[in-house]
Structures are given as structure tokens and as C-alpha cells.
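Read through the structure below, which is laid out as C-alpha cells, and then see the notes.
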Amino acid sequence: MTEVSGIVVDWGGVLTRSFAEGIAEWAAAEGVDAAEFQAALGRLLGPRAVPGPASRQFHLVERGELPVAEFEATLAALVRRADGSHPVAEGLVERMFAPFTDEPAMVGLLRALRDAGLKVALLSNSWGHTYDRRVWDGLFDAVVISCEVGMRKPEPEIFRHTARLLDRRLEDCVLVDDLGRNVRAARAIGMAAVHHRTAPETALALEPLLAPAGRRALEHLREMPSGH
């Protein structure tokens, strides 16, 4: 088995708190039902989803082919408040992703791996929101945002593009993502992939895949006192 030396990591739900947590906080602030919104997303984008105009809008905005304002109208129409009204469409994407704060354990894990000499890339499907990039300084060798490159996960070419930016072959890279469809797509074209749930679980799954320097970095992380 090839020892991977390139780490390709998702943003929302991996580098940040979980998608469910972020959406729950947004939904509470908007006065909408988080479960209703998650169910609507499942109907549009889940494994049993039937392609249609609404689901196509998600793909288009992720590739940067649809104005964010038009996409926000689609998002706002998916849920209602208790009084039957929809949330305000203008600025909805920014409000939705504001609660997606960085996950310190994952940031620390990635920083340790990069300090050990591994290449690290961020690969994110974006709905056109503004990323808080302050913690990214010195963390990534490459940043790939779907709407900036005109491709989206799980399209194979975006994985190939990211590997090229790291100067690595696909088989030298591992994807860390919280969506099963992206994990499966990466594996189908020769990348290793880890389905992220928590930082400790991801570290455990990465360890046998990594080159020796990466394994030593993870061992060092485990030896650090809690809260270091």
C-alpha cells in the first residue's frame, strides 16, 4: 500500500464544527426548523434524490455558475418559520455559515502533519460564502474552493487538480471529508479517503496510511498534555 504524503481536507464539518451543529445554531437564530431543512437537503442532494431544477442550483452555485443571490432565494424557500413566513433571502448564505467556527483539534492535527513535511490542501465545495481564513496562515500548501475553480466534489477532476497543486499523484493523497459521496468518489479514482466524524477517529484512521514522518507527528500529538 502506498504511504500517503498529501492530505486533502474538507472545510465545513471537518475543519469546522459539524454540519449539524452549525445548521442547528443558524436555524435557531432564523426561527426555522433545523430538521426540516436537513430533510429538504436530503430530498434534493441525498442518495435517493431525483435530479431536478432545485438540486441543479446547488451544483451551479458550487461551480460559481449561479449568482449567490439567486441561490439564496432557493434556500429561503426550503423552510418556513412557525408563522409560515420564509427567512430573508438576502445574506442568507453568510448567516448560515457564520456559526461554522474552526475545530481546534483538526487545525492542530493538520498543522502537526504539515510541520512533519506532509503536503496539506483544503478542498471545499462553496455556496458563495466568505471564509474566515485567519487560521489558514501556514496551514495549507494549496486552497481549492469549488466556485473559484469551476469544479465541485465529487467530480473527479477537482481531486486531480488538487493533487497537482500539491505536486503529488492521486495515490499519494488521502481525502478527509464528512460526506460519504465524496469519500466514495475519491476512492473510485485511486485516492485513499477517510470518512470524518471526529478528530480522534480521523487521526486513528489516518495513521496507518501515512508516511513515517506523519505517523510520528500523530504519536507526538497523542503524547501532548490535554489542552496543549
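Residue numbers count from 1 along this sequence. Computed from heavy atoms alone, side chains included, the values below leave out hydrogens, waters and symmetry copies. What you see is a predicted model; the values in this text were computed from it and never measured.
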For residues 203-214, which side-chain N or O atoms pair as donor and acceptor with protein atoms under 3.5 Å away, sequence neighbours left out?
unit_1 : atom_1 : unit_2 : atom_2 : d
E207   : OE1    : R222   : NH1    : 2.9
E207   : OE2    : R222   : NH2    : 3.3

_Minimal non-hydrogen separation, V4 against A192, with atom names_ = CG1-CB, 4.3 Å
*Look up atom CZ in F58 and atom CG in L44, then write down how far apart they are to the nearest 0.5 Å.*
5.5 Å
*Taking all heavy atoms of A34 and all of A24, pick out the closest pair and write down the distance.*
CB-CA, 4.1 Å
*Can you name the nearest heavy-atom pair linking G13 to D178, along with the distance?*
CA-OD2, 3.7 Å
*Examine L175 and V120 and state if one hydrophobic cluster contains both, with Ile, Leu, Val, Met, Phe, Trp and Tyr joined whenever side-chain heavy atoms are less than 4.5 Å apart.*
no
*Do V61 and F100 belong together in a cluster built from hydrophobic side chains that touch within less than 4.5 Å?*
yes
*Summary of side chain to side chain donor-acceptor pair (under 3.5 Å) pairs that have at least one residue in residues 108-117, sequence neighbours excluded*: R114-D141
*Identify, with sequence neighbours excluded, every residue that meets side-chain hydrogen bond (donor to acceptor under 3.5 Å, both in side chains) alongside S146.*
none
*Looking at CH2 of W127 and CG of L92, how far apart are the two atoms once the value is rounded to the nearest 0.5 Å?*
9.5 Å
N/O donor-acceptor pairs under 3.5 Å from side chains in residues 147-157, not counting sequence neighbours:
unit_1 : atom_1 : unit_2 : atom_2 : d
E148   : OE2    : R133   : NH2    : 3.3
R152   : NE     : E62    : OE1    : 2.5
R152   : NH2    : E62    : OE1    : 3.1
K153   : NZ     : D10    : OD1    : 2.9
K153   : NZ     : L123   : O      : 3.0
K153   : NZ     : D177   : OD2    : 2.8
E155   : OE1    : R152   : N      : 3.0
E155   : OE2    : R63    : NE     : 2.8
E155   : OE2    : R63    : NH2    : 2.7
E157   : OE2    : R164   : NH1    : 3.4
E157   : OE2    : R164   : NH2    : 2.6

*Evaluate the side-chain proximity of D33 to V79: yes if any heavy-atom separation is below 4.5 Å, no if none is.*
no
*Would you indicate whether the side-chain heavy atoms of V144 and I158 approach each other to under 4.5 Å?*
yes
*If you draw a 6.0 Å radius around CZ in R56, do more than 12 non-hydrogen atoms from other residues or ligands fall strictly inside?*
no
*What residues, two or more places apart in sequence or in another chain, satisfy side-chain hydrogen bond (donor to acceptor under 3.5 Å, both in side chains) together with D132?*
R134
*Atom CG of L139 and atom CG of L122: how far apart are they, to the nearest 0.5 Å?*
8.5 Å
*Rounded to the nearest 0.5 Å, how far apart are OG of S55 and CG of L60?*
9.5 Å
*Determine the minimum heavy-atom distance between R181 and L45, stating which atoms define it.*
NH1-O, 3.5 Å
*pair L15-E103: side-chain heavy atoms closer than 4.5 Å*: no
*Indicate the atoms forming the closest heavy-atom contact of G128 with V68, along with that distance.*
CA-CG2, 3.8 Å
*Which atom names give the shortest non-hydrogen contact between A142 and L166, and what distance separates them?*
CB-CD2, 4.1 Å
*Among residues two or more places apart or on two chains, list those pairs meeting side chain to side chain donor-acceptor pair (under 3.5 Å) that have a residue in residues 84-101.*
E30-R95, R80-H86, R81-S85, D83-S85, E94-T130
_Pairwise distance OG(S5) to CG(L118) - rounded to 0.5 angstrom_ = 6.0 Å
*If you group Ile, Leu, Val, Met, Phe, Trp and Tyr by side-chain heavy-atom gaps below 4.5 Å, do V183 and F19 land in one group?*
no
*D172: partners by salt bridge (charged side-chain N to carboxylate O under 4.0 Å, His left out), with sequence neighbours left out*: R169
*What salt bridge (charged side-chain N to carboxylate O under 4.0 Å, His left out) pairs are there with at least one residue in residues 193-203, not counting sequence neighbours?*
none
*With side chains defined as the heavy atoms from C-beta onward, is the minimum distance between L179 and N182 less than 4.5 Å?*
yes
*With a 4.5 Å heavy-atom cut-off, do V174 and I7 have their side chains touching?*
yes
*Are F140 and L113 in one and the same hydrophobic cluster, where Ile, Leu, Val, Met, Phe, Trp and Tyr link if side-chain heavy atoms are under 4.5 Å apart?*
yes
_Checking A188 now: which residues fulfil side chain to side chain contact (heavy atoms under 4.5 Å, CB included) with it, not counting sequence neighbours?_
none
*asked:* Show me the pairs that pass side chain to side chain donor-acceptor pair (under 3.5 Å) and involve residues 68-79, at least two apart or across chains.
replied: Q57-T74
*Is V176 linked to I145 within one hydrophobic cluster, defined over Ile, Leu, Val, Met, Phe, Trp and Tyr using a side-chain heavy-atom separation of less than 4.5 Å?*
yes
_Pairing residues for H129 by the ring pair (Phe, Tyr, Trp, His ring centres under 6.0 Å) criterion, not counting sequence neighbours_ = W11, F97, Y131
*Would you list the pairs meeting ring-ring contact (aromatic ring centres under 6.0 Å, His included) in which at least one residue belongs to residues 147-197, sequence neighbours left out?*
none
